[in-house]
Every structure is written in C-alpha cells, then in structure tokens.
There are 2 protein chains.
Amino acid sequence: MAPKVSDEYKTKKKIELLQAAKRVFITKGYTRATMQDVMNEAGVSRGALYAYFDNLEHLYLELLQFEDQQDVQFFTPIAGELSWQQVTKWVSKQQVEIEKIEQTLSQANSEFFLSLRDQQKQQSYPYITTRYEKMVDVLTAFFAHGTATGEFKLQLPPEAIARYLISVIDGLMLDTAHLGAEKTKVSEQMEALLFSLRAMLGPVQ
Amino acid sequence: MAPKVSDEYKTKKKIELLQAAKRVFITKGYTRATMQDVMNEAGVSRGALYAYFDNLEHLYLELLQFEDQQDVQFFTPIAGELSWQQVTKWVSKQQVEIEKIEQTLSQANSEFFLSLRDQQKQQSYPYITTRYEKMVDVLTAFFAHGTATGEFKLQLPPEAIARYLISVIDGLMLDTAHLGAEKTKVSEQMEALLFSLRAMLGPVQ
DNA sequence: ATTATAAACGACATTAATGTCGTTTTTCAA
DNA sequence: TTGAAAAACGACATTAATGTCGTTTATAAT
C-alpha cells in the first residue's frame with residue numbers, strides 16, 4: 001500500500017494520521033488515549049504509526065501545532081470594524097467553543113499541558129510557552145492599537161488585560177470540562193467577562 | 001503490626017495513608033501517580049493499602065474530601081471587617097496558593113477532575129458537583145450580605161460574580177501550572193481581578 | 001497463657017500498553 | 001520487467017500497574 005513515495009504522499013499520510021488522532025483525543029481526552037487507539041482509528045499498523053510519530057506525546061504536540069496552524073483567524077485589527085465590536089465577537093466565539101467542548105480538543109489540551117509538569121519537558125517543548133506568549137502578544141497589540149485609534153481608554157496595562165482575558169477563558173473552559181455548560185452557566189459568565197472588559201478597556205463607543 | 005484494632009486506630013492509619021498519598025500527588029500529580037507509589041511512600045504493603053482504598057480514584061476522592069474538610073476557612077462574613085477588605089484578603093490568599101502551586105494539590109485536582117470526563121463517573125461522584133456549587137453558594141451569600149449591609153452596589157447578579165470569580169482563579173491556576181508563576185505574571189493578574197471585582201461589586205468604601 | 005480475629009504482608013495472575021524489528025508488500029525508476 | 005528502496009505489517013519481548021488471595025503476624029479479650 002505504499003513504499004518509496006513522494007514527500008507529498010508522506011505529508012498526506014501524516015495529516016490523515018493526525019486527523020484520526022484528533023478524533024481519538026476528542027472522544028477520549030489526552031490521558032486515556034493510546035497509540036493503539038490511534039492505530040485502530042486510522043486503520044493502520046503499529047509499524048506505520050511509529051514510522052511517523054515516536055510516541056503519543058510527540059504525536060499530540062504535532063497535532064497541536066497543526067491545529068494552531070489552521071486557526072489563522074487571529075486577532076488582527078479589522079478595518080471598518082470597531083475594536084470593541086471585535087472584542088465582543090471574539091468573546092462569542094469563545095462561548096460557542098466552550099459550549100461544545102465535547103467536540104473539541106480543549107479538554108485534551110488541558111490534559112496534555114498538565115501532563116508536562118516536569119521542567120525538563122517544558123523546556124524540550126518551547127512551543128508550549130511560545131504559544132501562550134504569542135496569544136498574549138496578539139491581544140496586547142490589539143488593545144494598544146485600539147488605544148492608539150482612540151477607541152479604548154485602558155485602565156490597566158494592555159498585557160495585564162491580555163493575560164487576564166486568557167485566564168478567564170481557560171478557567172471557564174476547565175470548569176465546564178468538569179461540570180458541563182449548564183452547571184457553569186457559560187453565557188452568564190460571558191456577560192460578566194464582557195462587563196469586566198468594558199471596565200478595563202474603557203471603550204469610547 | 002496491627003490486627004483486631006479500635007476504630008480510632010483505623011482512622012489514624014487511614015489519615016496516615018492519605019497523607020502519604022498527598023505527598024505523592026503533590027510531586028507526581030494525579031495522572032502519573034500509582035497505588036504502588038502510595039505504598040512505597042507510606043511504607044505499607046499492597047494488601048494494607050487496598051484494605052483501605054479500592055483504587056486510586058477512590059483514594060483521591062477521599063483525599064479531596066479530607067482536605068476540603070481541613071479548609072474550614074470559608075467565606076463567612078466576619079464581624080468588624082469590611083466586606084471589600086475580606087475580598088481583598090481572599091484574593092491575596094489565592095495568589096499565595098497559586099504561586100506555590102508545586103507544593104499544593106491544585107494541579108492534581110485539575111488532573112483528577114479532567115479524568116472524570118465520563119458522565120457516568122461524574123454522576124457516581126456527586127461530591128464533585130456539590131463542591132463547586134457549595135463554593136458558588138458561599139460566595140453568592142457573601143456578596144448578597146455585603147449588599148444588604150450597604151457595602152456593595154452589585155452591577156451583576158451575585159451568582160454571576162461568584163461563578164466568574166471561581167473561573168478566573170481556576171484559569172490562572174491552570175495556566176500557572178503549565179507555565180510557571182513568572183510567565184503568567186500572577187500578581188499582575190490578581191490586580192486585574194481586583195479591578196474587575198471592584199467594578200462588579202461597587203464597594204461603597 | 002490462649003485463642004479468635006482481622007490487619008498486614010507479598011506472591012501471583014492478569015491486563016494493557018509500549019517500542020522494536022524481521023518480514024512482506026508496494027512503488028518508482030532504470 | 002525487474003529490482004532496490006522504503007512503507008506498512010504484525011509478532012514479540014518488555015515493562016508496569018492492577019486487584020486478588022492465601023499466609024503470617026500482632027492484638028485484645030478471656
């Protein structure tokens with residue numbers, strides 16, 4: 001079914017495996033998923049899977065990076081849209097994401113991050129840190145931009161707001177993963193988040 | 001070393017095992033810890049440990065409940081202290097807790113909760129849900145009380161603020177577990193949290 | 001002292017996953 | 001069309017943890 005093959009073929013195959021893995025991680029989370037599960041889901045042999053990925057940890061890391069890559073929908077200022085509106089929209093998007101948490105990788109992500117508790121591992125995967133800092137930077141820049149255009153009157157340093165925003169979303173994600181979206185009252189909390197952001201950003205309307 | 005023994009003895013022993021388990025969970029987290037680890041740490045045989053706990057999940061649940069029990073330091077209005085001051089104090093306490101996350105069970109807690117992803121398990125451990133709801137109730141009551149005494153002018157429903165507060169703390173905990181307290185700038189974020197709370201609670205000073 | 005009880009012990013069978021490696025199969029290039 | 005390269009296969013040895021259970025040992029009551 002496949003030897004001495006183009007790079008293109010290998011890329012295709014890899015993506016195929018990553019997608020199977022994604023399905024596995026969505027249904028089982030990170031901790032309970034195994035290489036065996038991925039083999040079964042992808043309908044591929046042990047040897048084949050190991051030819052592409054050394055172990056589950058590496059596999060997950062690649063999946064994470066692959067998925068992030070797809071999410072090019074980053075926080076870039078959009079011409080002709082008010083910054084505050086953009087914030088609102090983003091918050092709604094997060095809400096949707098959280099509400100269908102069972103169909104996303106969010107939970108597996110948290111499990112994966114938590115599993116890297118050793119400093120050793122943290123350092124061997126700089127991407128993890130980078131990922132967070134990139135998000136901070138993007139949000140910071142966005143808030144700074146909004147200030148420059150006179151749309152925001154920040155009450156706190158922009159990076160503080162950025163980090164805080166990330167924490168709130170992550171926390172709501174975590175709690176919702178435990179307890180379900182009804183118990184944590186996601187939409188109510190999103191209101192509270194918007195209220196906070198309004199106070200911090202001081203949107204001039 | 002111990003047969004036909006008083007209830008008191010058994011309680012002591014159990015607590016001893018729980019404390020050994022606690023040390024294990026603090027250093028290894030929940031997912032990577034094993035019954036074997038606990039046996040080693042407690043210096044006790046397989047049979048002994050299993051006589052007290054069926055499996056790691058039950059063991060953790062008991063530990064969780066035991067620890068919560070110790071935490072009687074709950075959010076009860078203190079006479080002669082301003083409510084807003086009490087909020088401030090509590091936030092500081094959380095900050096300390098988060099900053100020394102490597103010496104606490106916080107991370108293991110998150111791992112444990114995430115591991116209960118099945119609805120089945122969620123239901124068989126009602127304590128998990130209760131625990132969250134209890135915290136919500138306590139905070140809600142506190143905010144309501146502060147309103148009654150005229151110290152707060154709430155801008156949002158008290159339960160919304162309560163849940164939101166919990167999310168922020170949990171999120172910061174999670175991110176700090178991944179990245180360390182320096183990277184997430186815990187103290188800066190605590191400032192941001194206090195800012196938000198001030199806006200939501202409208203403390204009359 | 002003696003003895004019934006049950007706490008603690010630790011060997012064992014079981015299960016499940018891992019990573020490796022020799023073999024088979026397929027493809028591409030000559 | 002043939003053969004070298006390597007993709008895919010799957011059996012296997014290894015490792016590690018689990019929960020059980022027959023045995024040993026300490027305790028407390030008589």
Take atom [atom1] of [X] and atom [atom2] of [N], then tell me their distance rounded to the nearest Å.
X	N	atom1	atom2	answer
A/Met35	C/dG19	CE	P	6 Å
B/Glu57	D/dG19	CD	P	10 Å
B/Leu59	D/dG19	CG	P	11 Å
A/Lys14	D/dA7	NZ	C1'	15 Å
A/Phe53	C/dA17	CZ	P	20 Å
B/Leu17	C/dA7	CG	C1'	12 Å
B/Asp7	D/dT27	CG	C1'	15 Å
A/Gln36	D/dG10	CD	P	12 Å

Taking NZ, NE, NH1 and NH2 as the nitrogens, is one of them in B/Lys89 or B/Glu81 under 4.0 Å from a carboxylate oxygen of the other? yes
Can you tell whether the side chains of B/Glu102 and A/Arg117 come within less than 4.0 Å, N to carboxylate O? no
Working to the nearest 0.5 Å, report the span between CZ of B/Phe25 and CZ of B/Phe112. 8.5 Å
Quick check on DNA chain C: between B/Lys10 and B/Gly47, whose nearest nucleotide comes earlier from the 5' end? B/Lys10
Do A/Leu64 and A/Arg131 have side-chain heavy atoms sitting under 4.5 Å apart? yes
Of the candidate nucleotides [options], which contains the atom at the shortest distance from the side chain of [X]?
X	options	answer
A/Arg46	D/dA11, D/dT18, C/dC9	D/dA11
A/Ala48	D/dT20, D/dA8, C/dT18	D/dA8
A/Asn55	D/dA8, C/dG19, D/dG19	C/dG19
A/Val44	C/dT18, C/dC9, D/dC9	D/dC9
B/Lys13	C/dG19, C/dA8, D/dG19	C/dA8
A/Tyr50	C/dT20, C/dA8, D/dA8	C/dT20
A/Tyr9	D/dG10, D/dC9, D/dA8	D/dA8
B/Thr34	C/dT20, C/dA8, D/dA17	D/dA17

According to the interplanar angle, ranging from 0 to 90°, do the rings of A/Tyr125 and A/His58 count as parallel (below 30°), tilted (30 to 60°) or perpendicular (above 60°)? perpendicular
Heavy atoms only, 4.0 Å cut-off, all strands: where does B/Tyr52 land among base, sugar-phosphate and nothing? sugar-phosphate
Using only side-chain N and O atoms of A/Ser45, determine if any of them is under 4.0 Å from OP1 or OP2 of D/dC9. yes
